[in-house]
Enquirer: 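Below you'll find the structure I mean.
Ligands are counted one by one from 1 in listed order, and the atoms in each one are counted from 1 as well.
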Amino acid sequence: MASRGEFSSRTAFILAASGSAIGLGNIWGFPIQVASNGGGAFVFTYIILTFLLAYPVLMAELIIGRHAKTDTVSSILAVSSGKSKGLAYLTGYWGILTASLILSFYSIIAGWMIAHFLGSVAEMFGNLELKQWLTEFSLMRNLVFCGLFYFLTISIVSSGVTAGIERWSTRLMPMLLVLMVVLIGYIATQEGAAEGWRIYLQPDFSRVLNPDLVIDALGQAFFSLSLGVGTMMIYGSYVSKSENLPKLGAGVAIIDIGVAVLAGLLVIPAMYVALHNGVTIFDDAGNLMASDNLIFTVLPALFETMGSAGLVVSILFFSLMTTAALTSSISMLEVPVAYASESLDLGRTKAAWSVGLAVLAISFVIIFNFSSLFGLVVAFTTKYSEPLVGLLFCIFVGWIWRRDQILAEIKLGSPDAENGLFWKIWPNYVKFVCPLLVILLFWHSLS
Ligand code: PHE
């Protein structure tokens with residue numbers, strides 16, 4: 001344990017945790033959800049649920065993590081007592097399983113990002129045949145680039161999380177943001193964009209309580225903030241005791257929402273610009289076609305309208321997306337790897353490679369059975385598992401861990417916490433309101 005790293009500063013933590021939070025969930029997943037759930041109504045419900053449910057759970061994870069400073073199973077055990085140890089194991093292992101399964105589908109999409117990046121490079125060199133192979137769905141392409149993405153993820157994780165993550169997230173994430181803002185400015189000049197913005201920004205309030213929409217928004221809120229798998233617990237374990245956790249958590253949540261909203265401001269109008277230019281996006285019944293492929297259809301169509309500059313933009317965009325995916329995938333792989341290296345005493349390098357290759361095998365199974373397995377794994381992990389494991393985290397901080405100890409942990413970084421708003425609301429909120437809300441929402445969606 002002596003070798004556990006710590007983030008070098010508050011900014012480093014915010015960037016790393018935001019690096020985990022910001023990823024394909026914001027830029028690939030969020031626009032798909034918005035487009036298939038009727039636009040603004042989804043955006044509205046998602047933002048509300050992030051504040052009502054995701055932020056409180058994020059705090060539960062960060063506080064448990066910083067208190068225990070170890071892998072997720074041992075962390076939850078550290079805040080449980082005699083009778084609840086069984087539940088602690090169940091929660092920890094379920095989180096590890098969920099993190100691994102998320103990585104198994106995530107890396108397939110990330111592989112597409114690498115392939116599209118290389119596709120634009122190939123086009124730049126005039127090799128259109130190669131470009132076509134790289135940007136079209138095929139078994140071979142999916143296997144190769146998913147494998148390559150694992151290689152990158154495992155290499156970074158095996159060299160230690162704090163150093164690896166800090167190096168990557170601090171420089172490249174801000175670039176992605178700037179690029180998105182520039183692209184949003186560009187799209188405003190295109191015919192059709194205004195229609196996209198109208199649909200995106202005007203919620204149809206009659207839809208916001210639609211059961212399917214609410215469950216999708218709940219899953220998206222948890223997935224986007226990397227909750228319900230133990231990632232944020234591990235990141236919390238690398239935070240110095242002198243930091244003010246509620247503030248740090250709020251910073252990360254706001255940045256994450258901000259990036260998702262920006263991605264929507266780009267992709268949804270891009271969809272309508274593409275529609276305007278004759279690309280087919282909806283089927284006759286008005287449903288989104290090939291939703292997994294949404295950004296790979298509408299963004300390249302947008303880049304094409306830019307003439308030769310479009311190629312450079314495409315290369316930049318897909319390489320930055322690959323980086324954004326990497327800063328998230330390393331935080332997923334870290335969950336099983338921290339457990340294998342700290343609880344099972346496997347060396348970090350060995351743990352990273354053995355766990356990584358095992359999860360790679362799952363990805364390959366999904367690739368071979370893409371149409372039947374991909375959607376299933378996404379739904380099982382993000383829609384159901386993440387909120388349910390999040391609920392268990394609430395049970396631990398609300399009902400099992402002693403409240404004076406929780407306060408003591410928070411006070412380390414904010415001595416006056418007892419009198420602050422956070423402490424007045426949060427403990428009872430995670431104890432009663434969060435579990436009840438999650439149960440109600442699931443009930444509502446099943447009935
Ligand atoms: N939050 C990440 C994203 O939006 C995904 C993620 C989920 C990362 C769970 C870690 C754990 O892309």
Enquirer: Please find out if less than 6.0 Å separates the ring center of F374 from that of F370.
Expert: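 Between F370 and F374, which both carry aromatic rings, the centre distance is below 6.0 Å.
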Enquirer: Could you tell me whether a side-chain N or O of R66 sits under 3.5 Å from a main-chain N or O of Y238, the two making a donor and an acceptor?
Expert: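 Looks like no, no N/O pair under 3.5 Å.
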Enquirer: For a side-chain hydrogen bond (donor to acceptor under 3.5 Å, both in side chains) with S343, tell me which candidate from D71, T70, T72 qualifies.
Expert: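 With S343 as partner, D71, T70, T72 yield a single side-chain hydrogen bond (donor to acceptor under 3.5 Å, both in side chains), made by D71.
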Enquirer: Among L53, T382, V389, exactly one meets side chain to side chain contact (heavy atoms under 4.5 Å, CB included) together with F222. Which residue is that?
Expert: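 So, applying the side chain to side chain contact (heavy atoms under 4.5 Å, CB included) to F222 and each of L53, T382, V389, only L53 qualifies.
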Enquirer: Please list, one pair per line, the donor and acceptor atoms closer than 3.5 Å that link side chains of residues 246-275 to other protein atoms, with sequence neighbours excluded.
Expert:
{"unit_1": "D256", "atom_1": "OD1", "unit_2": "N26", "atom_2": "ND2", "d": "2.8"}
{"unit_1": "D256", "atom_1": "OD1", "unit_2": "S224", "atom_2": "OG", "d": "3.3"}
{"unit_1": "D256", "atom_1": "OD2", "unit_2": "S224", "atom_2": "OG", "d": "2.8"}

Enquirer: For ligand 1, run through the N/O pairs with the protein that fall under 3.5 Å and put one pair on each line.
Expert:
{"unit_1": "ligand 1", "atom_1": "1 (N)", "unit_2": "S20", "atom_2": "O", "d": "3.3"}
{"unit_1": "ligand 1", "atom_1": "1 (N)", "unit_2": "A21", "atom_2": "O", "d": "3.0"}
{"unit_1": "ligand 1", "atom_1": "1 (N)", "unit_2": "F223", "atom_2": "O", "d": "2.8"}
{"unit_1": "ligand 1", "atom_1": "1 (N)", "unit_2": "S224", "atom_2": "O", "d": "3.0"}
{"unit_1": "ligand 1", "atom_1": "1 (N)", "unit_2": "S226", "atom_2": "OG", "d": "3.0"}
{"unit_1": "ligand 1", "atom_1": "4 (O)", "unit_2": "A21", "atom_2": "O", "d": "2.8"}
{"unit_1": "ligand 1", "atom_1": "4 (O)", "unit_2": "G25", "atom_2": "N", "d": "3.3"}
{"unit_1": "ligand 1", "atom_1": "4 (O)", "unit_2": "N26", "atom_2": "OD1", "d": "3.2"}
{"unit_1": "ligand 1", "atom_1": "12 (O)", "unit_2": "L24", "atom_2": "N", "d": "3.1"}
{"unit_1": "ligand 1", "atom_1": "12 (O)", "unit_2": "G25", "atom_2": "N", "d": "2.9"}
{"unit_1": "ligand 1", "atom_1": "12 (O)", "unit_2": "Y106", "atom_2": "OH", "d": "2.5"}

Enquirer: Is the ring pair F296/W112 parallel, tilted or perpendicular, if the boundaries are 30 and 60 degrees?
Expert: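 Taking W112 first and then F296, their aromatic rings stand perpendicular (interplane angle over 60°).
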